[in-house]
Amino acid sequence: MPELPEVETVVRDLRELLVGKQFAAIRCVRRDLRKPWNVDWNAILVGETVESIRRRGKWIVMHLTSSQELLFHLGMTGQLTVTKADAAILDHTHLLFDLANTDQQLRFRDIRRFGSATLFANAEAVEVFIGKTLGSEPFELTDKAFHTSVTATKRNLKAILLDQHVVAGVGNIYADEALFRAKLHPGKLGCDMTLAECKRLRKAIVEVLNHAIENRGSSIRNYVGGSGLKGGFQNEFRVYGRTGEPCPRCETPIEMVRLAQRSSHYCPQCQRAE
DNA sequence: CTGTAATCCTGCGAGC
DNA sequence: TGCTCGCAGGATTACA
């Protein structure tokens with residue numbers, strides 16, 4: 001579920017609630033989430049303090065006093081929240097970190113278990129791990145670099161935007177929304193893109209993501225921020241999930257097609273296939 | 001190397 | 001009411 005704006009919102013919330021806090025007892029309800037999950041959390045993390053929290057793509061990284069780093073991915077249904085320690089424990093809550101000298105608890109919940117929580121020895125190890133799959137942050141990507149990677153492939157724009165190697169952090173919602181803003185058909189091939197079109201698309205991506213961050217991301221079903229608060233950008237969607245509804249620009253009914261194994265929403269009038 | 005499918009998992013709404 | 005089917009903010013792996 002969570003794409004860059006949702007993850008950014010969680011990170012900003014958690015900075016307020018978690019930085020400077022120390023882990024006390026940790027409870028692991030189930031450990032078969034994803035990837036390396038065979039960690040004795042208590043033995044390794046009790047006594048550690050969270051020094052800083054950052055986002056890279058859709059990953060959340062917590063830097064600890066020992067230089068170890070905790071890496072989270074929220075997958076489709078992940079939630080990372082700070083709540084009262086005595087609050088009811090919802091289904092599918094997998095990890096609970098008591099925060100020393102507070103009545104608060106950090107909780108990791110993930111219904112579909114596509115998410116992960118992994119411990120690394122230091123920041124370099126994290127970069128090596130996620131760096132293999134991640135390209136530039138969208139806000140740092142230049143038009144030239146974007147143009148180079150887009151035109152180097154015969155895949156369609158939807159597939160390119162979902163590829164984290166090209167731009168880190170964009171997912172199904174914001175890919176559709178950015179393509180609408182840039183007036184580009186999701187099925188258009190990367191190799192057919194001009195420099196002007198790439199500039200338009202890169203700008204649209206940045207604008208959509210920033211707009212969504214301002215609205216604390218999008219809550220369709222499961223997403224909540226680090227404080228448990230929902231997002232509001234789902235009310236700003238122009239095409240995502242609006243199949244059959246009139247295009248906000250030209251009133252033509254929004255259509256949906258399947259691209260890169262994902263549903264893609266677009267306006268057949270504003271976003272001509274050509 | 002490039003691009004496309006299948007897979008992991010749970011829940012929910014649509015349709016019968 | 002109850003069952004089956006398809007679909008859902010993602011990413012890896014296996015295959016053509």
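Below, each value reflects all heavy atoms present in this structure, side chains not excepted, and no hydrogens, waters or symmetry copies. Sequence lines set the chain letters: A, B, ... in the order given, protein chains first and strands last, and positions in each chain run from 1. Please read all numbers here as calculations on a predicted model, not as lab measurements.
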- Message: Can you confirm whether the side chains of Glu48(A) and Ser66(A) place a donor and an acceptor under 3.5 Å from each other?
- Response: yes

- Numerically ordered, the residues 145-156 of chain A set in heavy-atom contact under 4.0 Å with DNA chain B is Thr153(A), Lys154(A), Arg155(A)

Among [options], side-chain contact (heavy atoms from CB on, under 4.5 Å) partner for [X]:
X         : options                                    : result
Leu18(A)  : Leu80(A), Leu99(A), Thr49(A), Asp13(A)     : Leu99(A)
Phe120(A) : Leu70(A), Val128(A), Leu71(A)              : Leu71(A)
Tyr266(A) : Val257(A), Leu259(A), Asp176(A), Leu179(A) : Val257(A)

Measure from [atom1] on [X] to [atom2] on [N] and round the result to the nearest Å.
X         : N       : atom1 : atom2 : value
Gln261(A) : dC8(B)  : CD    : P     : 16 Å
Ile130(A) : dT12(C) : CD1   : P     : 11 Å
Asp110(A) : dC8(B)  : CG    : C1'   : 12 Å
Lys132(A) : dA11(C) : NZ    : C1'   : 14 Å
Asp91(A)  : dG11(B) : CG    : P     : 7 Å
Ile160(A) : dT4(B)  : CD1   : C1'   : 14 Å
Phe237(A) : dA8(C)  : CZ    : C1'   : 13 Å
Lys158(A) : dG10(C) : NZ    : C1'   : 13 Å

- Does Phe108(A) have its ring centroid less than 6.0 Å away from the ring centroid of Phe72(A)? yes

- Message: Which label fits Trp59(A) and Phe129(A): parallel for a plane angle under 30°, tilted from 30 to 60°, or perpendicular past 60°?
- Response: perpendicular

- Query: Taking atom P in both dC9(B) and dC3(C), what distance in whole Å separates the two?
  - Reply: 23 Å

[X] side chain: which of [options] is closest?
X         : options                   : result
Thr133(A) : dG10(C), dT10(B), dT12(C) : dT12(C)
His73(A)  : dT10(B), dA8(C), dA11(C)  : dA11(C)
His92(A)  : dC9(B), dA11(C), dG11(B)  : dG11(B)
Lys58(A)  : dA11(C), dC9(B), dA5(B)   : dA11(C)

If you look at every strand shown and take non-hydrogen atoms under 4.0 Å, does [X] touch a base, only sugar-phosphate, or nothing?
X         : value
Tyr240(A) : sugar-phosphate
Ile220(A) : base
Gln164(A) : sugar-phosphate

- Message: When you measure from the side-chain N and O atoms of Arg113(A) to the phosphate of dT10(B), is any distance below 4.0 Å, counting only OP1 and OP2?
- Response: yes

- Note on the structure: Writing each nucleotide of DNA chain B 5' to 3' as (, ), [, ], | or . by Watson-Crick or G-U pairing under 3.5 Å yields .|||||||.|||||||

- Return yes when atom CG of Asn235(A) has more than 12 non-hydrogen atoms of other residues, nucleotides or ligands closer than 6.0 Å, and no otherwise. yes

- For Glu197(A), check side-chain contact (heavy atoms from CB on, under 4.5 Å) against everything at least two apart and list the hits. Leu184(A), Lys188(A), Met193(A), Thr194(A), Arg200(A)

- Query: Has the side chain of Arg112(A) got a donor or acceptor that lies under 3.5 Å from a partner of the other kind on the base of dC9(B)?
  - Reply: yes

- Do Glu177(A) and Arg242(A) meet the salt-bridge criterion of a basic N to acidic O distance under 4.0 Å? no

- Task: Please say whether the positively charged group of Arg249(A), taken as NZ for Lys or CZ for Arg, lies over the ring of Phe180(A), i.e. under 6.0 angstrom from the six-membered ring centre and within 45 degrees of the axis.
- Result: yes

